[in-house]
Protein chains: 2
Amino acid sequence: MARYLAEPDAVGIKFVEVMRALADPVRLRMLLVLADGEYHPCWPEEFLVGVHKSTLSHHFRVLREAGITRTRLEGRNYFVQLRREDLDARFPGLLDAVLGGARELDVTDAPDAADV
Amino acid sequence: MARYLAEPDAVGIKFVEVMRALADPVRLRMLLVLADGEYHPCWPEEFLVGVHKSTLSHHFRVLREAGITRTRLEGRNYFVQLRREDLDARFPGLLDAVLGGARELDVTDAPDAADV
DNA sequence: CAGATCGTTTGACAGTCGTCATACTAGAGC
DNA sequence: GCTCTAGTATGACGACTGTCAAACGATCTG
């Protein structure tokens with residue numbers, strides 16, 4: 001029953017696309033959440049604050065089409081996971097480095113935390 | 001005599017800006033060239049093929065303002081170098097990972113190399 | 001000093017991106 | 001079978017980006 005949404009195969013992952021997918025604050029935060037748990041029950045209300053559902057869906061699609069995530073559809077539930085192995089195989093060290101950088105973003109993008 | 005063009009200090013380097021600056025095929029190729037030699041005599045005619053001078057200048061500015069490169073101006077000569085130390089200190093492993101990924105791009109972005 | 005050169009800056013333009021609102025689709029539960 | 005629900009798809013809109021062209025500024029050379 002579990003269907004998988006369309007995604008590029010490992011060798012089809014293009015570096016520039018990965019970089020572009022990762023060059024967005026919202027998607028970086030999504031990446032952080034995805035990195036925490038393996039699979040993630042999708043779209044909890046507080047997955048991201050202040051982002052419209054359709055916008056979120058759009059970002060998930062960008063991540064998936066870039067080859068960064070895999071989306072499994074079971075019945076009405078969507079599960080998204082990072083494609084760690086594929087990513088690490090194609091671009092060693094990239095994912096970890098990006099996750100590290102994204103973590104600092106979590107701090108700096110709070111509006112009030114700026115220029116204190 | 002050597003002036004330096006404006007650039008963010010090490011702590012002012014924002015991760016998202018770095019990612020955005022690196023999410024462009026032209027700039028990734030520039031990064032590769034910059035990674036080769038420390039300093040690089042600027043704008044050799046064949047630095048990049050098929051890119052206008054002003055476009056190149058624009059890309060160098062993006063890289064510089066993101067904190068990725070440092071530009072020194074000596075007389076009429078511009079020298080650009082990677083800010084390896086600052087980058088490695090702020091985002092360990094990122095630069096190397098990106099350089100690795102950019103290297104594959106060198107192969108795949110040749111128009112004729114695609115889908116053969 | 002005048003001319004040439006090299007890179008920058010500015011302006012314009014087309015294409016892309018992120019966002020939201022709305023409509024749509026497919027599974028779940030009664 | 002009908003309704004409810006969760007996420008997707010589409011359309012629209014403003015903002016940003018990459019590109020080129022042309023003008024500008026500063027420096028070296030005669």
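Protein chains get the first letters and strands the later ones, always in sequence-line order, with residue 1 at the start of each. Not measured: the values here are computed from a predicted model.
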Undergrad: If you check the B:Arg27 side chain, which of C:dT19, D:dC20, D:dG18 turns out closest?
TA: D:dG18
Undergrad: List the steps, then state whether side-chain contact (heavy atoms from CB on, under 4.5 Å) holds for B:Val80 with B:Phe60.
TA: CA-CA 9 Å; B:Val80 180; B:Phe60 269 111; 3.8 Å; yes
Undergrad: Kindly say if B:Thr55 contacts the phosphate of D:dT19, meaning a side-chain N or O under 4.0 Å from OP1 or OP2.
TA: no
Undergrad: Just call it for B:His59: base, sugar-phosphate, or nothing, with non-hydrogen atoms closer than 4.0 Å on any strand.
TA: sugar-phosphate
Undergrad: Hey, are B:Glu74 and B:Arg3 close enough for a salt bridge, meaning a charged N less than 4.0 Å from a carboxylate O?
TA: no
Undergrad: Find the distance B:Glu17:CD to D:dT17:C1' and express it as a whole number of Å.
TA: 13 Å
Undergrad: Scan A:Asp88, A:Ile68, A:Ile13, A:Thr69 and name whichever one has a side chain to side chain contact (heavy atoms under 4.5 Å, CB included) with A:Arg83.
TA: A:Ile13
Undergrad: Measuring from the side chain of B:Tyr78 (C-beta onward, heavy atoms only), which nucleotide among D:dG7, C:dG7, D:dT19 has the closest atom?
TA: C:dG7
Undergrad: Rounding to an integer number of Å, can you tell me how far B:His58 NE2 sits from C:dT8 C1'?
TA: 13 Å
Undergrad: What I want to find out is whether B:Glu104 reaches A:Arg90 closely enough, with some N-O distance under 4.0 Å, to be called a salt bridge.
TA: yes
Undergrad: If you assign A:Arg61 and B:Arg20 each to the DNA chain D nucleotide with the nearest heavy atom, which residue ends up on the more 5' nucleotide?
TA: A:Arg61
Undergrad: In whole Å, what is the span from the CG atom of B:Leu56 to the P atom of C:dT8?
TA: 8 Å
Undergrad: Does this structure show an ion pair linking A:Arg29 with A:Asp24, if we count only N-O contacts that are shorter than 4.0 Å?
TA: no
Undergrad: To the nearest Å, how far apart are A:Asp24 CG and C:dT16 C1'?
TA: 13 Å
Undergrad: A:Leu63 CG to C:dC17 C1': how many Å, rounded?
TA: 14 Å
Undergrad: Using atom CE of B:Met19 as one end and atom P of C:dC17 as the other, report the distance to the nearest whole Å.
TA: 16 Å
Undergrad: When every nucleotide of nucleotides 22-30 of chain C is labelled 5' to 3' by its protein contacts under 4.0 Å (heavy atoms), B for base, S for sugar-phosphate only, - for none, what sequence of letters results?
TA: B----BS--
Undergrad: In whole angstroms, how far is the P atom of D:dG25 from the CG atom of B:Leu73?
TA: 16 Å
Undergrad: In this structure, how many angstroms lie between the P atom of D:dG25 and the CG atom of B:Leu5, rounded?
TA: 17 Å
Undergrad: Mind running side-chain contact (heavy atoms from CB on, under 4.5 Å) on A:Leu63 and A:Leu22 for me, showing each step along the way?
TA: CA-CA 8 Å; A:Leu63 288 176; A:Leu22 263 26; 4.1 Å; yes
Undergrad: For the pair B:Arg70 and B:Glu7, find out whether any cationic side-chain nitrogen is under 4.0 Å from an anionic carboxylate oxygen.
TA: yes
